[in-house]
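Whatever order the structure lists them in is the order used to number ligands and atoms, beginning at 1.
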Amino acid sequence: MNWRKIDLTAWILLGLAAGIVVGLLQYWLLPPSVNDATVRYFHDPVGRVFLNAIRLMVVPLVIVSLTLGTAAIGDLRKLGRIGGKTMGIYLMTTAIAITIGLTLASTVEPGSNLDIDVDASFEGRVAPPLADTLVDIVPANPFAAMVEGKMLQVIFVAILAGLALAAVRERAEPLMGVLESLDAMIQRMVIMIMWIAPLGVLALIAKVIVSEGLAVFLPLLKYMACVLGALLIHLLVTMPLILTLLARVSPLRFFRNVYPAMIVGFSTSSSNATLPVTMEVAEHRLGAREEVHAFTLPLGATINMDGTAIMQGVATVFIAGVYGIDLSIGNFLQVILMATLASIGTAGVPGVGLIMLSMVLVEIGLPVEGIGIILGVDRLLDMSRTAVNIAGDLTCTTVVARSEGEFDPEVFGAENS
Ligand code: ASP
């Protein structure tokens, strides 16, 4: 069974469209009491079942596929090369993304002449220092790391195990066999769970529309348009350029292949929860082999957030505008550096976008309460930037897989939509 035969992708797209239509119709036509009931008895439980079902696959999938992938590479030099390229591309694209956000926002000036109440109740949370995050990559207890879903720690354990397996070759064979069976089982479980994705996507999207409403967007339309515009520029200009120049593949085909993962990312607002779908797409629709995607994607879901970086760029300029503070070129450079580093420093923290933003604001001396202004519209933007984050992870995966000879053009080019 593969993606083509089950034609799940079309159903996922349909789920997205139906979620938007159902949500809007309910919002416009039904009284709030009925809407509350449908959210409570349908949208919320169905959405949560789907979310939990894909989340439950994250840790087993990363452990098994990354251990196997590392063991298959088996060579520390190649592994180091893949790691170096991946980190380089992740940091570069994040820096480009935030520059786009800053530039567009400085041109549009979404925060000027805005008469708005500041909800000062938002308290910025501080992330741990970068050094702590790096030290924390090595867990004292691997099981605790898995239970708590600490992705960088899980990645560390899996790579170490894979290297050890490669080193003891013959004696590792029985365990490799078991891991390969587990890998096949887990991949099939993901496909089975994906059967409920269309309904899950529908429920999650409709729930957002019904419970958030649309009126809250009005005062902040310019800010939202600015974030969405910058996301689109990154998606339609930066990524196609990288795909064409560095991976020499058709961007159009790329997006046709990866859109199911972007839709699931959009509806769940979490790169981490979407990881099983992203990996499935990389394997069966993109043609990136496990040796590469088992490394690039879990790492990307944790530290590579182009969409989030864009929001930070726009939000910084917006909040400065609202408070009438001028930003210098030096401030801009600070934001680029800070946001890029923050993306690593906040690895694995939920609701990471706004935490990173509060770090950036503190760094350049802007009021953190400013986040209170954009909080109300952040849900929709979070959905959109998560889809972009996932596209960014898959773009990097394509480049690295291609350059390492771990790319299957037939899978990429197959008529598998
Ligand atoms: N929701 C985003 C993601 O998981 C992160 C964020 O911007 O908050 O990719």
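- Counting heavy atoms from C-beta on, the side chains of Arg289 and Asp408 come closer than 4.5 Å.
- With contacts defined as side-chain heavy-atom distances shorter than 4.5 Å, the pair Ile390/Phe266 does not qualify.
- For ligand 1, the polar-atom distance check finds no N/O of Asn272 at less than 3.5 Å from any of the ligand's N/O atoms.
- Of all atoms in ligand 1, listed by their number and element, those nearer than 4.0 Å to a heavy atom of Thr386 are 1 (N), 2 (C), 3 (C), 9 (O).
- For ligand 1, the atoms closer than 4.0 angstrom to any heavy atom of Gly353 are 6 (C), 7 (O), 8 (O).
- Within the listing of ligand 1, atoms 5 (C), 6 (C), 7 (O) sit less than 4.0 angstrom from a heavy atom of Thr308.
- When side chains are defined from C-beta on, Phe156 does not count as touching Pro142, because their heavy atoms never get closer than 4.5 Å.
- Between Met224 and Ile374, every side-chain heavy-atom pair lies at or beyond the 4.5 Å cut-off.
- Below 3.5 Å of separation, one finds no N or O of Ser270 facing any N or O of ligand 1.
- The shortest distance between side-chain heavy atoms of Pro251 and Met239 does not fall below 4.5 Å.
- Residue Asp382 places a heavy atom less than 4.0 Å from ligand 1.
- Between Arg81 and Lys78, some side-chain heavy-atom pair lies under the 4.5 Å cut-off.
- With a 4.0 Å heavy-atom cut-off, ligand 1 is reached by the backbone of Ser269 but not by any atom from C-beta on.
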Practice problem: Please lay out, stage by stage, how Arg48 and Asp44 fare under the test salt bridge (charged side-chain N to carboxylate O under 4.0 Å, His left out). | Solution: CA-CA 6 Å; Arg48 266 207 310 217; Asp44 191 46; 3.7 Å; yes
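- With a 4.0 Å cut-off on non-hydrogen atoms, Arg385 touches ligand 1 through its side chain and not its backbone.
- Atoms of ligand 1 found under 4.0 Å from any heavy atom of Asn389, numbered from 1 in the order shown, are 2 (C), 3 (C), 9 (O).
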